Enquirer: 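Structure below; questions to follow.
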Amino acid sequence: MNPDLKILQGLNNKQLESVSLDVNTNALILAGAGSGKTRVLTHRIAYLIQEKNIPLESILAVTFTNKAAGEMRDRLSLILRRPIPNMWVGTFHGLAHRLLRLHHDKANLSAQFQILDSQDQFRIIKRLMKENQVDESKYPVKQIQWFINSQKDEGLRPQDIDPGYNFFIKKSVEIYTLYEAHCQRNDLIDFAELLLRSYELLKNNEDLLNHFKSRFSHILIDEFQDTNKIQYNWIKQLYSGSNHLFCVGDDDQSIYGWRGARVENIQKLETDFNPLKTIRLEQNYRSTGTILSASNQLISNNTDRLGKSLWTDSGDGEMIDVYEARDEINEAEYVTSKIKALVSADANYSDCAILYRSNAQSRAFEEVLIKHNLPYVIYGGLRFFERAEIKDAMCYLRLSHAKNDDVAFERIVNFPPRGIGNSTLQKIREYAQQNLTSLYIAAKEIQPDLSTRASNSIKSFVEQMESIDDAIKHLNLSEKVAKILTLSGLMNYYENDKSDKAGSKKDNLEELIAAAKNYLHEDEEIDEITGFISLATLESSVESNHNPQQNIQLMTIHSAKGLEFENVFLVGMEEDLFPTNRSKEESHLLSEERRLCYVGMTRARKKLTLTHAIKRFIHGQSIYAYPSRFLSEIPDQHLNWINENQHSLQSQFSNSPAKSIVPESTSQLAIGASVRHAKFGMGTITNFEGSGDSQRVQVNFQSAGSKWLILSYANLDFI
DNA sequence: TCACAAACCCTTTTT
DNA sequence: GGGTTTGTGA
């Protein structure tokens, strides 16, 4: 080890040890929040290349987000002082995609295969269910979609699943089978399929697998705690025993278990990649001692951790403020007033973040911030390429590029509206199915046989597409997009769209032209348009570089992961909201909520404020709630309870109209009691909770399954 | 076929 | 409460 090396400068002991580990080691770096994990990962790669002469092509680096992959690329080419266009750095999905494009024939796909995003996937499943007379009220499309995706995440095909006597699973597997056949017929790949298909590709092609096994001498993975089963197997498959693995992760920051991420994968490393060197990065460069100590205490309530304790040498800093609000408006008023004070004491708006458990909580903050005329930006919601107007435009591009793109055809054949309704579309679908052709060709061929009105509409649609093809033939990508926007009538449609008062949809369309202009086509394996279309699906957000960052930041805790702010307001610290009511029964869900709280707290550099409301409006109902258990898990010595003297609980309740908290019907509420519901029929009460207007019961209905109902709305007959 | 009203849902969401 | 989807009547 030579600490004089430039790459190793400025690293602490543990970081240094990690970066300069022997080339022939498998390693797990347990990197706590704010301990410099990205730094370690990029410097490790640079170290391998520059100091150990590992060729660029021999390195595979995997991240979860495009943002992380992009940052790693940028940092690497900066350290190495050269561009790294063909290096295998990317997301699991991005790399799987690359693999499939390179070897599409062996993966049983055409060169033009399309990627489905979750909206496209939803529509297809819904249509398949309708065509096969599956009752949507019994089998919600969302749940079927979730089922299919989680099976794929587990690496399971329909034939691998044993439904037993479970009707729901049985039906789900049937739909999975139909869906799989549909996708295969139409050359479609969803997100989960990218991973599963590329896994199978390697599994079934030994030569190919061996090639990559010996090619990638070093495999590096970021955020390892977020890997799911198929991702883990994907990595394991590429491991030959003579190549080397370098994983960075933090079991305490695993917050995507609900999407199939498995923390246990970190523990499994030890057996599957033996011998494994584990290094803990525990020195934190972000937060104050108080914030770290409070976070450490909170997370220590979780069992089954690998164990880690963050420390800092930068002093204790301020206490953590805890504010008890009357309701969500009062909560927002408090946070707003604090931000105002911070800003007048020289903070920037962008140094302040409001973090919440669920998106719905942003509303009250938005209202109050607008009232006080403070600048803010809300993250989350639909991302750029998921917006309806952008998808419309992309589908014109897709259909123009490939006439057999049925997903694109379905979306735009009658948008902007041109008189092609469901009945006409159904005829086109049937014709296409019988003649094994695409919808576009079917529409063209069937057109003379339709009613005059429908016939004319189809004719003008086909003519429109042909004129688009003609007009854009010799244009570059962004000119193509611009031309499509006008010729399709989309631009005109959104210009006159009265529901879009701010004109943001039109702005977004113009932004799309800019995105096309900025698109850098690097991959020589595919053409430019295919590359752009894939990017739009795989990378659904777009860099908004012209955003003057002088805004208060509002987002969910999930989306705050990986970020940091000077001042963090962690709001809505209430039982049933955070932790959510659904997590309370199962300890592994509760642990994940606690980790989420830990992630939220450790986002703060200097000042952390926690707030909770006594009463809150949720789904049109006033709900009373106790302070979150997480507040009581933080030692009191770190907490500064702002208003325990100002608003006592008594004064709150004496002000509000004396609402009976105990409903009259409580006596009938007993687990096991039989009830009848107007729609769901007969059922048995299996659980109940809450009080007053918000009291809810869980009923297991004989035909409709188990449901949570709000008692005051459900109109149950007790029998 | 379309436009509007009623009905429905409702944690988190890297790809 | 609010955003989206479904159903109905012109």
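Hydrogens, waters and symmetry mates play no part in the numbers below; they use all other heavy atoms, side chains included. Everything quoted here is computed from the prediction, not taken from an experiment.
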Enquirer: Taking the nucleotide of DNA chain B with the nearest heavy atom to each, does Arg453(A) or His558(A) sit closer to the 5' end?
Expert: Arg453(A)
Enquirer: Does dT11(B) have its OP1 or OP2 closer than 4.0 Å to a side-chain nitrogen or oxygen of Arg582(A)?
Expert: yes
Enquirer: Of all the choices, dT15(B), dT12(B), dG1(C), which nucleotide is nearest to the side chain of Trp258(A) once you look at every atom?
Expert: dT12(B)
Enquirer: Hey, is the main chain of Leu109(A) close enough, under 3.5 Å, to the side chain of His104(A) for a donor-acceptor pair?
Expert: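 Such a contact is found between His104(A) side chain and Leu109(A) backbone.
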Enquirer: Examine the side chains of Gln143(A) and Gln145(A) and answer whether a donor and an acceptor come within less than 3.5 Å of each other.
Expert: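 No, Gln145(A) and Gln143(A) have no side-chain donor paired with an acceptor closer than 3.5 Å.
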Enquirer: Quick one: does any side-chain atom of Glu331(A) pair with a main-chain N or O of Ala325(A) as donor and acceptor, under 3.5 Å?
Expert: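 Pair absent, no side-chain N/O of Glu331(A) close to backbone of Ala325(A).
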Enquirer: Classify the nucleic acid contact of Ser423(A) as base, sugar-phosphate or nothing, counting any heavy atom under 4.0 Å across all strands shown.
Expert: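 Sugar-phosphate, backbone atoms only, no base.
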Enquirer: Are any of Asn422(A)'s side-chain N or O atoms less than 4.0 Å away from OP1 or OP2 of dT1(B)?
Expert: no
Enquirer: Given the side-chain rings of His558(A) and Tyr256(A), with only the six-membered ring counted for Trp, is the space between their centroids under 6.0 Å?
Expert: yes
Enquirer: Looking for any heavy atom pair under 4.0 Å, which part of the strands does Tyr256(A) touch: base, sugar-phosphate only, or nothing?
Expert: base
Enquirer: Look at all strands and tell whether Asp190(A) reaches a base, only sugar-phosphate, or nothing, counting heavy atoms closer than 4.0 Å.
Expert: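 Answer is nothing: Asp190(A) stays at 4.0 Å or more from every strand.
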Enquirer: Can you tell me how far P of dT15(B) sits from CG of Asp222(A), to the nearest Å?
Expert: 13 Å
Enquirer: Not counting sequence neighbours, which residues clear side-chain contact (heavy atoms from CB on, under 4.5 Å) with Ala96(A)? List them please.
Expert: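 With sequence neighbours excluded, Ala96(A) shows a side-chain contact (heavy atoms from CB on, under 4.5 Å) to Leu194(A), Leu195(A), Ser198(A), Trp234(A), given in chain and number order.
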Enquirer: Please report, rounded to the nearest Å, how far the P atom of dC10(B) is from the CZ atom of Arg357(A).
Expert: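 From Arg357(A) CZ to dC10(B) P: 15 Å.
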Enquirer: Once you apply a heavy-atom cut-off of 4.0 Å, does Gln361(A) come out as touching a base, just sugar-phosphate, or nothing?
Expert: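 Answer is nothing: Gln361(A) stays at 4.0 Å or more from every strand.
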Enquirer: Return a single string for nucleotides 2-10 of chain C, one symbol per nucleotide in 5' to 3' order, where B is base contact, S is sugar-phosphate-only contact and - is none, cutoff 4.0 angstrom on heavy atoms.
Expert: S---S----
Enquirer: Determine: side-chain N/O of Ser559(A) to OP1/OP2 of dT13(B), distance under 4.0 Å, yes or no.
Expert: yes
Enquirer: Using a 4.0 Å heavy-atom cut-off across all strands, classify Thr424(A) as base, sugar-phosphate, or nothing.
Expert: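 Since only primed, P, OP1 and OP2 atoms lie under 4.0 Å of Thr424(A), the category is sugar-phosphate.
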Enquirer: Does a side-chain N or O from Thr537(A) land closer than 4.0 Å to OP1 or OP2 of dT15(B), or not?
Expert: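 Checking Thr537(A) against dT15(B): no side-chain N or O falls below 4.0 Å of OP1 or OP2.
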Enquirer: Measure the distance from CD on Glu193(A) to C1' on dT15(B) and round it to the nearest whole Å.
Expert: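 After rounding, the gap between these two atoms is 14 Å.
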Enquirer: Taking atom C1' of dT15(B) as reference, at what distance in whole Å does atom CD of Gln231(A) sit?
Expert: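 After rounding, the reported distance stands at 9 Å.
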Enquirer: Using the six-membered ring wherever Trp is involved, compare the ring planes of Phe365(A) and Tyr356(A) and label them parallel, tilted or perpendicular (cut-offs 30° and 60°).
Expert: parallel
Enquirer: Please state whether the phosphate of dT11(B), meaning OP1 or OP2, lies under 4.0 angstrom from any side-chain nitrogen or oxygen of Asn581(A).
Expert: no
Enquirer: Taking syn as any angle within 90 degrees of 0 and anti as the rest, which one fits dT12(B)?
Expert: anti
Enquirer: Would you classify Thr580(A) as touching base, sugar-phosphate or nothing, given that sugar-phosphate means primed atoms plus P, OP1 and OP2, and contacts are heavy atoms under 4.0 Å?
Expert: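 Base, at least one base atom sits under 4.0 Å.
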Enquirer: Closest approach of Arg429(A) and Leu439(A), non-hydrogen atoms and distance?
Expert: CA-CD2, 3.8 Å
Enquirer: Closer than 3.5 angstrom, by distance alone: can the side chain of Arg595(A) be matched with the main-chain N or O of Ser254(A) as a donor-acceptor pair?
Expert: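 Side chain of Arg595(A) to backbone of Ser254(A): a pair is present.
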Enquirer: Tabulate atom names and distances for all N/O pairs under 3.5 angstrom spanning the protein and nucleotides 2-5 of chain B.
Expert:
residue: dC2(B); atom: OP1; partner: Gly419(A); partner atom: N; Å: 3.2
residue: dC2(B); atom: OP2; partner: Asn414(A); partner atom: ND2; Å: 3.2

Enquirer: Cation-pi check, Arg363(A) to Phe617(A): give yes when NZ or CZ is under 6.0 Å from the six-membered ring centre and within 45° of the ring axis, no otherwise.
Expert: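 Relative to the ring axis of Phe617(A), which defines the angle, Arg363(A) lies outside at least one limit.
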Enquirer: When you check the gap from the basic side-chain N to the acidic O, do Arg262(A) and Asp226(A) get nearer than 4.0 Å?
Expert: no
